[in-house]
Amino acid sequence: MANSYLTSESKKLATWYFTFAAIIFGAQLLFGLVAAIQYVESSFLFEVLDFSVARMLHINALVVWMVFAMFGSVYWLLPDETGIETVGIGLGKLLFWIFAAAIVVVVLVYLFIQVGPANETSIWFIHEGREYIEAPRWADYGITVVALGFVANLYMTGMKGKQSGVVTVLMADMIAFAGLYLTGMFYTDNITIDQFWWWWVIHLWVEATWEVFVGSIAAYGLITMIGAHRKVVEMWLWIEVTMLFGSGILGIGHHYFWIGTPEYWWEIGALFSALEPLPLVAMFIHVLYDWGKMQGEQDAQGKEMSVITNKPAFTWFVLNAFGNFLGAGIWGFFHTLPQVNLYTHGTQFTSAHGHLAFFGAYATILVGMMYIGVQGKNGIKILNNTTSTIFATSMIVGGVLGMTVALTVAGYSDVIISRAQMGATWEGYFSAQTTTWLLQGMYWRLIMGAVTFIGFLFLVKDLLTIGKAANHVR
Amino acid sequence: MVQDVLVAQDILVDDFLTIFVSSTLVLVFGGFYVGIYTAVKVNMLKKWYMPLGYLFWALTAYCLYLMGSLMHVNDFTAKALIVAAIGLLLIPHAVYYMQDRVHEDNEH
Amino acid sequence: MAKKSVWSDNRFWQRTAAWITGFASVLLIWLTFDTSGQIVMGNDADLQNGVTKRVPGPTVINYKITYEMDAKRKHEVPVIGEKEMFFGKDDWNEEEAAALLHLGKLASQTKNCMNCHTLLGNGAYYAPDLTKAWLDPAWQETGPMQAMTGKSTKEEAMAEFLQNPSKYPTHARMMPNLGITADEAKGLVAFLKHMSSIDTNGFPRNFGKIQGAVNGK
């Protein structure tokens, strides 16, 4: 980290978080590729690195890199928003190393131990076998400590410095984010209760607190990158919080249709799910509206220049607004009502939605934050695109969209055959898996996954070298 | 045999594609409506585009209806869908009104 | 425009956000209390007295379970019928049955079932859904899976398969050997049987009911 223009310790720490996040992002894609190959050629690494292990690493790496990049984003924006250096930066650095070390240990155990005997020791030290939050119990406690330390730093800084609207929203959001993790930290023999609370973590993270986090980051991005008026942006942020939490918190009902919970969740889930795309539409208009407005003001002054001070990051922010609407909105909406979800629940459709929604809603904006980090670290006033930026962006976006379309086609076949006609039996499942549509869908998903990975390599190259390119305004 | 099982509530195999396409179009048309409305309001498009915007809203509402009826949604869900359609109709108006106010409050 | 509108007032929206979020959270917590009461596991007395629970007690393994269309609810529900042998006995007492289910649920997590299969429809999509696996026609007396393992009962056939999955391939995509012991396999089968008795509001639909031509293949 030599030759850094950064004077703020908080921003330096943010770059550590971004760096580690990017590494884990790479791991996520690699294990995703392994799993994608196994769909096409099932003997690949059979009983060496089975699908279950590859997939566990794929989705855990996803959650972890996003959490790292989210922490990094907050450490990055705190000095700008509060006007002071982050309080407890030493603690922040210590927690970073603890968190990173814990992740490495967890990954090594996943890779080399994989499964254990059916007892509590395995739950404590190997993994919990609960999708997305497989981390063993010891790591749960570790993550809680790290998250509380992070929240404490955020609160101390927010209360000591200038408490902007963005910081206020983040303070409220991050405490909920950390607190919700606790609801996933127990064992029960009752799988219905197990999954009920499991969704408190997964849904209330992904469809509520993370979305609000994205709203705050987008607000920060609009202020810093195109000079949008803080008051407008912050008022919007409150409206978004209203809409996101208003629809998202009870939107959890769409996960309670079929897990043994009462039938009234059908109505609650249907109503709030139908409302969930609305804030995503609103966020999308808001970004475009502010961009148009600021550019209009600039043009009115006769300056023939873009208002954007960080082209790659802004591209990713716009992709976020669009991707959130597309992945979470459209791909979420078409299978969310209980009448149709009865047939689509747990098919390749879910997988298509998962890929596009996580990418569109979160990966995009976090990659954008990484570019903001690079800009600051190299002391660049206006960061322009390089050839690698364009390759990275188009290949990653094209790859993920391609995977989504392939999985959607596969999912359609899955729904029609294994669900609508054969009622989800063993035979029905494999009948669907052997259709041409599904087989080809999986083949195309692998190809598009590879495209995404190559795009990622360009992204890494770009993040490492863009600061040295000559086409920026310094 | 098959007939016995396919009671009224089941979605017909042939209807699935229509349902998926129409529910996708709900948001696509909805997006066009919102986009055209916003673009006309910020003077990026001429005034006469506005009816086109409302036409897209009508298409959205039709797709919601089509999707809902093929899915055999219950009464409550039908009402929820109507609320969502009206919400979509109102949202750009509200958004524009507020944006405009805030910008005026700030710039003058 | 000198007048300030309430709609463009930051404080107004801040309060709205707080109230809406608070209201939604309180509603969710209230519903959680209500739901928690309904999904708590039943006990042996409920089963003997014919009290229907959304999640029956562990001794449900002593009974025959079927999945039948409920005319009033317009979807299928699990029906608990007469006594049925499970691993050679139909009088598992509450402690024994609970211990078996406990072992099975632990195994389902430690063996990472959920990262290939779906349970109650949640998990990965690399292998069949297990929600009603106990009722799958493939495992019944006339089904191909039971025949393949050479066992005479469904539970023994399932346990045998779980211990040596790659010995009984049904598809190029095989289940790997996860080191499941005989006891763990027994527990897992009890866990699957118990899961099939959970009232999932008709998911999956038409499970194992539809036969005949499949279009779209």
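Because the structure is predicted, anything quoted here is derived from the model rather than measured. Chain A is the first sequence line, chain B the second, and so forth, proteins listed ahead of strands; every chain is numbered from 1.
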(request) Name the option with the most non-hydrogen atom pairs under 4.5 Å to chain A; the candidates are I20(C), L101(C), T200(C). (result) T200(C)
(message) Assess, by modelled atom type and distance only, whether the side chains of N115(C) and E134(A) contain a donor and an acceptor separated by less than 3.5 Å.
(response) yes
(request) Might you point out which heavy atoms bring I198(C) and I259(A) nearest each other, and give the distance in Å? (result) CG2-O, 4.4 Å
(request) May I ask you to decide if F257(A)'s main-chain N or O and N201(C)'s side chain share a donor-acceptor pair within less than 3.5 Å? (result) yes
(message) For Y39(A) together with Y126(C), are the ring centres under 6.0 Å from each other?
(response) yes
(request) Specify the closest pair of heavy atoms between S52(A) and N112(C), including all atoms of both residues, with the distance to one decimal. (result) O-ND2, 3.8 Å
(request) Examine distances only and state if a side-chain atom of R173(C) and a backbone atom of S42(A) form a donor-acceptor pair shorter than 3.5 Å. (result) no
(message) Counting heavy-atom pairs closer than 4.5 Å to chain A, which one of S166(C), G123(C), G202(C) comes out on top?
(response) G123(C)
(request) Name the region of S418(A), side chain, backbone, both or neither, that has any atom closer than 4.5 Å to a heavy atom of chain C. (result) neither
(message) Counting heavy-atom pairs under 4.5 Å with chain A, which one of C116(C), G143(C), P204(C), S25(C) comes out on top?
(response) C116(C)
(request) Would you mind checking which part of P338(A) comes under 4.5 Å of any heavy atom in chain C, side chain (CB onward), backbone (N, CA, C, O), both or neither? (result) neither
(request) State the OG1-OH distance between T350(A) and Y125(C), to the nearest 0.5 angstrom. (result) 4.5 Å
(request) Under 4.5 Å, counting heavy-atom pairs only, tell me which of R54(C), K132(C), M145(C) racks up the most with chain A. (result) R54(C)
(request) Heavy-atom pairs under 4.5 Å with chain A are the metric here; pick the option from I39(C), L135(C), L31(C), T16(C) that has the most. (result) I39(C)
(message) Taking the side chain as everything from C-beta on, heavy atoms only, tell me whether Y187(A) gets closer than 4.5 Å to K105(C).
(response) yes
(message) With a 4.5 angstrom heavy-atom cut-off, is it the side chain or the backbone of Y132(A) that approaches chain C, or both, or neither?
(response) neither
(message) With no hydrogens and no angle check, just 3.5 Å: does a side-chain donor-acceptor pair link T242(A) and W19(C)?
(response) no
(message) I'd like to know if the side chain of Y343(A) and the backbone of R205(C) have a donor-acceptor N/O pair within less than 3.5 Å.
(response) no
(request) Measure S43(A) against the heavy atoms of chain C and call it side chain, backbone, both or neither at under 4.5 Å. (result) neither
(request) Please report the shortest heavy-atom distance between W200(A) and T32(C), naming the atom on each side. (result) CZ2-OG1, 3.3 Å
(request) Please state whether the side chain, the backbone, both or neither of N190(A) comes within less than 4.5 Å of a heavy atom of chain C. (result) both
(request) Identify which part of L204(A) has an atom lying under 4.5 Å from any heavy atom of chain C, answering side chain, backbone, both or neither. (result) side chain
(request) Could you tell me which residues in residues 179-194 of chain C have at least one non-hydrogen atom under 4.5 Å from a non-hydrogen atom of chain A, sorted by residue number? (result) E184(C), F191(C)
(request) Would you please indicate if the ring centroids of H171(C) and Y429(A) are separated by under 6.0 Å? (result) no
(request) Give a yes or no on whether the backbone of G260(A) and the side-chain of D199(C) come within a donor-acceptor separation of less than 3.5 Å. (result) no
(message) Can a donor-acceptor pair be found, under 3.5 Å and without considering hydrogens, that links the side chain of Q109(C) to the backbone of E128(A)?
(response) yes
(message) Is it the case that the side chain of K231(A) and the backbone of N10(C) share a donor-acceptor pair, with hydrogens and angles ignored and the cut-off at 3.5 Å?
(response) no
(message) Quick one: does any side-chain atom of Q195(A) pair with a main-chain N or O of L119(C) as donor and acceptor, under 3.5 Å?
(response) yes
